[in-house]
2 protein chains.
Amino acid sequence: MSVRTRPGPRERLLEAADRLIYTHGVNVGVDALLKSANVARRSLYEHFGGKDGLIVEVLRSAAEADAADYRDTMDAAGDDPRARLLAVFDRIGEIIARPGFHGCRYLAADLALTDPGHPAHEVTRGYRRRVHALLERELVALGHPRPARAADQFLILIDGTLAAGATRPDGDPAAAARELAADLITP
Amino acid sequence: MSVRTRPGPRERLLEAADRLIYTHGVNVGVDALLKSANVARRSLYEHFGGKDGLIVEVLRSAAEADAADYRDTMDAAGDDPRARLLAVFDRIGEIIARPGFHGCRYLAADLALTDPGHPAHEVTRGYRRRVHALLERELVALGHPRPARAADQFLILIDGTLAAGATRPDGDPAAAARELAADLITP
DNA sequence: TGATAGATAGATCGATCGGTCTACCTAGGT
DNA sequence: ACCTAGGTAGACCGATCGATCTATCTATCA
């Protein structure tokens, strides 16, 4: 009643797995996930069917949040498509600087799950398509002659920036990539 | 005598591990490595001290070969620093198109080995420094005003290209990145 | 020829893996 | 008051993990 309802085992598992899978990789043990979430073993298999199902659901909800973050970032930058696009790299700079950052979770999942048939790949592919569409929309508004190709190039810059942030913490990869992006949208 | 001397267990293990670790990730089992190399269990621990030692040595020798590949690629492009730098992306395009390609092995290792103290990270860091130095050397020869920063940007483009090649096989990320690189070295 | 170093094969170790199962408990609805 | 659905706790399963060990074989060299 007066006590706030404790999140159910499904929510607790998603939250704990989101954190543990990012920090320890998808090969983190089921026991560690259950212990961190304070959830019974059985609940995992009831709600997600197994570890793979949990991984997929974690990626799906993270993708939802990250896509919303892209939208919010661009909306906060105003109406100018150019400013909206460049704001993405400022945001990525913040993300890289966050304690505990060590790379793009979607790329990490794709590289770690070497079975090309793993359902997680569909989730990451869908996420990239969404980001590509967000970028392309701005590039169209900007009147870019080849918006689809330019969105490809933006994604290359984003992936490269996240990789650089994970492996070469010195320097400011987001600012370096922002320069390249500015060239890309400055005729 | 007339038979070519069979490579020793160390060489066979390195070759098999290089292949299996790239295709199945660093979490591939020791048994699979031994079986693929036709090597006794004991030999692994004699030569490499353990699985981690083998991983480190595999990355080290791969880094040696890849650094040589960068040099050869640039040398084959002639003397013009601009041509030498852009040739890198043509080469990466070939690598991405190779059957079985699924991303940069060094980034995959860094993302999979979540322990920041794992000795493999030093190897990958050293490799990136070598590539950075190779690029910066050309940028200096080109008279680029900020060669170190430009080399950072080249590495971002390279990492992004490899990531795109691994996750979005459609399109031609190497060509897209080459365009950005050309802008970067065309005042 | 005999000694030695290095390789092979494989048993074995404790730990952990993902997954299934039983037993108990508790909150909500009738 | 009772039933039921969903949760917890934890034993248990076979498989696999990385690593250590013994025992045997083989090539090379003194």
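A, B, ... follow the sequence lines: proteins, then strands. Residue 1 opens every chain. Since this is a predicted model, take the numbers as computed values, not measurements.
Other residues, nucleotides and ligands contribute only 12 or fewer heavy atoms inside 6.0 Å of the CZ atom of B:Arg137.
Of the two residues near DNA chain D, B:Asp31 and A:Ser43, the one whose nearest nucleotide lies more 5' is A:Ser43. Along DNA chain C, the nucleotide nearest to B:Glu46 and the one nearest to A:Asn27 differ in position, and the one closer to the 5' end is contacted by B:Glu46.
One distance of note links OH of B:Tyr70 with CD1 of B:Ile158; it measures 4.0 Å at 0.5 Å rounding.
Here the side chain of B:Ala40 is nearest to one of C:dG18, C:dA23, C:dA9, namely C:dA9. Ranking C:dT8, D:dG18, D:dT8 by closeness to the A:Arg42 side chain, first place goes to D:dT8. Set against C:dG18, D:dG7, C:dA7, the side chain of B:Arg12 has C:dA7 as its closest nucleotide. Distances from the side chain of B:Val30 to the nucleotides C:dG19, D:dG7, D:dG18 place D:dG18 closest.
Judged by distance alone, the side chains of B:Arg178 and B:Thr161 never bring a donor and an acceptor atom under 3.5 Å apart. A donor-acceptor contact closer than 3.5 angstrom is absent between the side chains of A:Thr124 and A:Arg105.
Separating the CG atom of A:Leu13 from the C1' atom of C:dG19 is a distance of 15 Å, rounded to the nearest angstrom.
A donor and an acceptor atom never sit less than 3.5 Å apart when one is taken from the side chain of A:Arg41 and the other from the base of D:dT8.
Dashed line: the shortest gap from a side-chain N or O of B:His47 to OP1 or OP2 of C:dG6 is not under 4.0 Å.
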